[in-house]
Amino acid sequence: MSREENKPRHDHERSDWELRYVVWTSISLVVSVAVILIALWWIFKEFEGSAENRQMGTARVTERENTPPEPLLQVAPQEDWAEMLKRERAILNSYRWVDRSKGIIHIPIDRAMDLTARRGLAAEEGKG
């Protein structure tokens, strides 16, 4: 016996697989991936369209559809917000009595911060 005849044969078993099954599996895999990609493209186009509709605002929506049901508790939120800020700024930037008998007054916040920076806090004075 020659040395090459004793070597084990490294070859596949020809009965383990058939070429047609490999081909059909490959084709079905490619078709499945294509169908999934097309479906994803369609879904993203739908989302993109709905996002564009939202960005256009209430131009397409009629006033009746945009108005909440009765009772209308806040008709003009932007104006209400501006009015609230105006009132709060007036309070923060004004002088007024809180309790005249105890000598407690309200001073503008900028003035209060300036006085606190100059004098320090009352708790710090006792630590000395």
Side-chain angles (χ1 to χ4, degrees):
M1 272 177 109
S2 72
R3 188 172 186 164
E4 289 189 22
E5 291 175 10
N6 290 336
K7 283 186 178 179
R9 202 170 137 203
H10 297 288
D11 196 7
H12 66 276
E13 196 65 42
R14 302 232 184 258
S15 63
D16 285 350
W17 65 280
E18 291 187 32
L19 181 61
R20 67 178 176 187
Y21 294 131
V22 173
V23 169
W24 280 112
T25 302
S26 301
I27 289 172
S28 64
L29 181 65
V30 168
V31 168
S32 299
V33 168
V35 167
I36 290 170
L37 288 176
I38 289 169
L40 286 173
W41 174 81
W42 179 75
I43 289 170
F44 279 114
K45 284 295 181 185
E46 288 296 315
F47 284 150
E48 186 178 60
S50 65
E52 287 173 0
N53 289 341
R54 281 194 306 270
Q55 288 176 352
M56 292 181 125
T58 59
R60 291 188 189 181
V61 179
T62 63
E63 186 63 34
R64 186 180 60 77
E65 292 173 346
N66 196 24
T67 304
E70 295 289 334
L72 297 177
L73 301 177
Q74 189 174 26
V75 179
Q78 289 82 11
E79 290 82 11
D80 293 345
W81 178 259
E83 181 63 31
M84 182 198 68
L85 286 178
K86 182 179 171 185
R87 284 192 314 265
E88 288 182 354
R89 286 186 180 130
I91 291 170
L92 288 175
N93 296 315
S94 66
Y95 290 93
R96 62 182 164 80
W97 283 102
V98 175
D99 189 351
R100 192 178 289 251
S101 63
K102 294 181 181 179
I104 301 173
I105 62 169
H106 179 274
I107 62 175
I109 193 161
D110 291 333
R111 180 72 176 135
M113 289 191 304
D114 184 46
L115 289 172
T116 303
R118 286 186 188 173
R119 296 180 189 167
L121 296 174
E124 290 180 354
E125 291 175 7
K127 290 181 182 179

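What's counted below: heavy atoms across the whole structure, side chains too, no hydrogens, waters or symmetry copies.
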query: If you measure from CG on Asp99 to NE2 on His106, what distance do you get to the nearest 0.5 Å?
result: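 Interatomic distance, Asp99 CG to His106 NE2, rounded to 0.5 Å: 14.5 Å.
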
Atom pair CD1/CD1 of Ile109 and Ile91 - distance to nearest 0.5 Å: 11.5 Å

- prompt: Which of these, Phe47, Trp41, Trp42, sits in a side chain to side chain contact (heavy atoms under 4.5 Å, CB included) with Lys45?
  reply: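 That would be Trp41.
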
Excluding sequence neighbours, so at least two apart, what forms side chain to side chain contact (heavy atoms under 4.5 Å, CB included) with [X]?
X: Val31; answer: Ile27, Val35
X: Arg87; answer: Glu83, Met84
X: Val30; answer: none
X: Tyr95; answer: Ile107, Pro108, Arg111

- request: Any salt bridge (charged side-chain N to carboxylate O under 4.0 Å, His left out) involving residues 27-38? Give me the pairs, sequence neighbours left out, ordered by first then second residue.
  value: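 Listed by first then second residue: nothing to list.
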
Heavy-atom pair with the smallest gap, counting every atom of Ile104 and Trp97: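 Where Ile104 meets Trp97 most closely, the heavy atoms are O-CE3, 3.5 Å.
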
- line: Applying side chain to side chain donor-acceptor pair (under 3.5 Å) to Asp110 and not counting sequence neighbours gives none

